[in-house]
S.K.: 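Following this message is one structure expressed as structure tokens.
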Amino acid sequence: MLRLQTPLPAWYREAAPEELDARIESAKAALGRRLVILGHHYQRDEVIKFADARGDSLRLARFAAEQDEAAYVVFCGVHFMAESADVLTAPHQQVILPDLNAGCSMADMADAEDVETAWEELAEVIDTEALVPITYINSSAAVKAFVGRHDGVVCTSSNARAVLTWALGEPGGAAGRGEKVLFVPDQHLGRNTALAMGYRPDEIALYDPRRPLGGLDERTVKEARVLVWKGHCSVHQRFTPAHVAAFREAHPEGIVVVHPECAHEVVAVADLVGSTDFIIKTVAEAPAGAVLGVGTEIHLVHRLATEHPEKTVVSLDPLVCPCSTMFRIDPPHLAWVLDGLVAGEVRNRITVDDETARWARVALERMLTIS
Ligand code: 13P
Ligand code: SF4
């Protein structure tokens, strides 16, 4: 989804990297504790080096919720992360996204109105009192608000299992809050998590929002425990079992670690699966000489390779592209928004309206309590 924004002035487009770095440093010094810069692990090195805190989406959401001093939270990440930060910070704090077009194609796959329509269609077949909506944090504030209003919860890739257990219980274990889950928008995280918990493939159904009743028949809807929305991450969906096979052939002793946004056939042949924080920890804890094939965004893979020269860290896909929206955050945009703050002008502020924020906060805070 493209958003209208002020074009970047020529100076920022043409400045040399050292000039931009100097501007950013001097703005940081001038703003002091009034400013905090958050950076997601997928950010490029030229940007992440300025972050006061870096993390996966769970860590950054927590960090934002704990900030009460900084007047300005500059989020080097994507739109849904900045929205969550706005929902979780106090009213006197302003959240800024250096480039408003840093979105997330997966989040765009779940429109709040489509989720609402799906819910209404499902209500004609099943009792939605027993249906728990879960939205991956990679979704708009409007989708989070829908989930909050319907007693549901947000999850991230780090806590999806804990959240699904809260909602559904483990198979054969204690009951959860409901009997079924509608998991939006990442089919892969939903499916991978449910399968890891022990749910059978036939208990998981793919809900296609472009088709009536998700393209499912009534019996399938009634019997499914987990309805996964037909959404995906184009970066992670590129990884295939053939990539894993090629890596294993080249490195028979190698370790394969992938993000749970990868398709299940990739996760099934990986050694380890987890969020970006988990991947970082796995590489850090691997012994010197280890070879790791990683299935996630390329900036993080390259950074891990640089930070651990005593290990071999490679992308499972040699031709992988970066997350093009994360990549929009660059030093020119960062310098431009920071210069604005120094001059008393807030550029590219992300705000969530009060009613949406109220319910999105319910769903986000429920997640923070569960995990
Ligand atoms: P993490 O929760 O692992 O940071 O993932 C966020 C994301 O957008 C992955 O594509
Ligand atoms: Fe969205 Fe995928 Fe980019 Fe993550 S890597 S921000 S899920 S498009």
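Numbering of ligands and ligand atoms starts at 1, following listing order.
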S.K.: Return the closest protein heavy atom for atom 9 (C) of ligand 1 as residue, atom name and distance.
M.R.: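 Checking every protein heavy atom, the shortest distance to atom 9 (C) of ligand 1 gives Glu261 OE2, 3.0 Å.
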S.K.: Has the side chain of Arg225 got a donor or acceptor atom that lies under 3.5 Å from a matching backbone atom of Arg200?
M.R.: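 A pair under 3.5 Å: no.
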S.K.: Given Ser315, which of Leu304, Ile298, Leu300 fulfils the side chain to side chain contact (heavy atoms under 4.5 Å, CB included) condition?
M.R.: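 That would be Ile298.
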S.K.: What part of His236, side chain from CB on, backbone N/CA/C/O, both or neither, has a heavy atom under 4.0 Å from ligand 1?
M.R.: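 Side chain only; the backbone of His236 stays clear of ligand 1.
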S.K.: Just jot down the ligand 1 atoms closer than 4.0 angstrom to any heavy atom of Ser275, in number order.
M.R.: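 Near Ser275, meaning under 4.0 Å from one of its heavy atoms, ligand 1 has 3 (O).
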S.K.: Does this structure show an ion pair linking Asp271 with Arg248, if we count only N-O contacts that are shorter than 4.0 Å?
M.R.: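 Yes, this pair counts.
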S.K.: Could you tell me whether the side chain of Glu121 and the main chain of Leu213 form a donor-acceptor pair under 3.5 Å?
M.R.: yes
S.K.: Between Met106 and ligand 1, which part of the residue brings a heavy atom under 4.0 Å of the ligand: side chain, backbone, both or neither?
M.R.: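 For Met106, there is no contact with ligand 1 at all, from either part.
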S.K.: Taking the basic N atoms (NZ, or NE/NH1/NH2) and the acidic carboxylate oxygens, is any pair closer than 4.0 Å for Arg219 and Asp217?
M.R.: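 No, Arg219 and Asp217 are not salt-bridged.
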S.K.: Within less than 4.0 angstrom of ligand 1, does Tyr42 place any heavy atom?
M.R.: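 Contact check Tyr42 vs ligand 1: positive.
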S.K.: Can a non-hydrogen atom of His259 be found less than 4.0 Å from any atom of ligand 1?
M.R.: yes
S.K.: Cation-pi check for Trp166 against Arg366: NZ or CZ below 6.0 Å from the six-membered ring centre and within 45 degrees of the axis, yes or no?
M.R.: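 Because its charged atom misses either the 6.0 Å distance or the 45° angle limit, Arg366 does not stack over Trp166.
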S.K.: Measure from NZ or CZ of Arg44 to the centre of the six-membered ring of Phe327, then state whether that distance is under 6.0 Å and the direction lies within 45° of the axis.
M.R.: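 Yes, Arg44 lies over the aromatic ring of Phe327.
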S.K.: Below 4.0 Å from ligand 1: does a non-hydrogen atom of Ser157 turn up there or not?
M.R.: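 Yes.
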S.K.: Testing Pro9, Pro331, Pro98 one by one against Trp336 for a side chain to side chain contact (heavy atoms under 4.5 Å, CB included), which residue passes?
M.R.: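 That would be Pro9.
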S.K.: Looking only at atom types and distance, does a side-chain atom of Gln237 sit under 3.5 Å from a main-chain N or O of His232, one as donor and one as acceptor?
M.R.: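 No, the answer is negative, given that no donor and acceptor are paired below the 3.5 Å cut-off.
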S.K.: My understanding is that only one of Asn159, Val362, Ile134 makes a side chain to side chain contact (heavy atoms under 4.5 Å, CB included) with Met367; could you say which?
M.R.: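 Single side chain to side chain contact (heavy atoms under 4.5 Å, CB included) partner of Met367 among Asn159, Val362, Ile134: Asn159.
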S.K.: Look at atom 2 (O) of ligand 1 and say which protein heavy atom is nearest, naming residue and atom and giving the distance to 0.1 Å.
M.R.: Ser57 OG, 2.5 Å
S.K.: For atom 8 (O) of ligand 1, what's the nearest protein heavy-atom neighbour? Residue, atom name and distance, please.
M.R.: Asn138 ND2, 3.1 Å
S.K.: Less than 4.0 Å between a side-chain N and a carboxylate O, is that true for Arg358 and Glu355?
M.R.: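 Yes, charged N to carboxylate O under 4.0 Å.
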S.K.: Name the orientation class of the two ring planes belonging to Trp119 and Phe146 (parallel below 30°, tilted from 30 to 60°, perpendicular beyond 60°).
M.R.: perpendicular
S.K.: What part of His41 sits under 4.0 Å from ligand 1 if we count only heavy atoms: the side chain, the backbone, both or neither?
M.R.: neither
S.K.: With a cut-off of 4.0 Å, which atoms of ligand 2 are near a heavy atom of Tyr42?
M.R.: 5 (S)
S.K.: Spell out the protein N/O/S atoms under 2.8 Å from atom 2 (Fe) of ligand 2 as residue plus atom name.
M.R.: Cys233 SG
S.K.: What residue and atom, counting heavy atoms only, is the protein's closest point to atom 4 (O) of ligand 1, and at what distance?
M.R.: His40 NE2, 2.6 Å
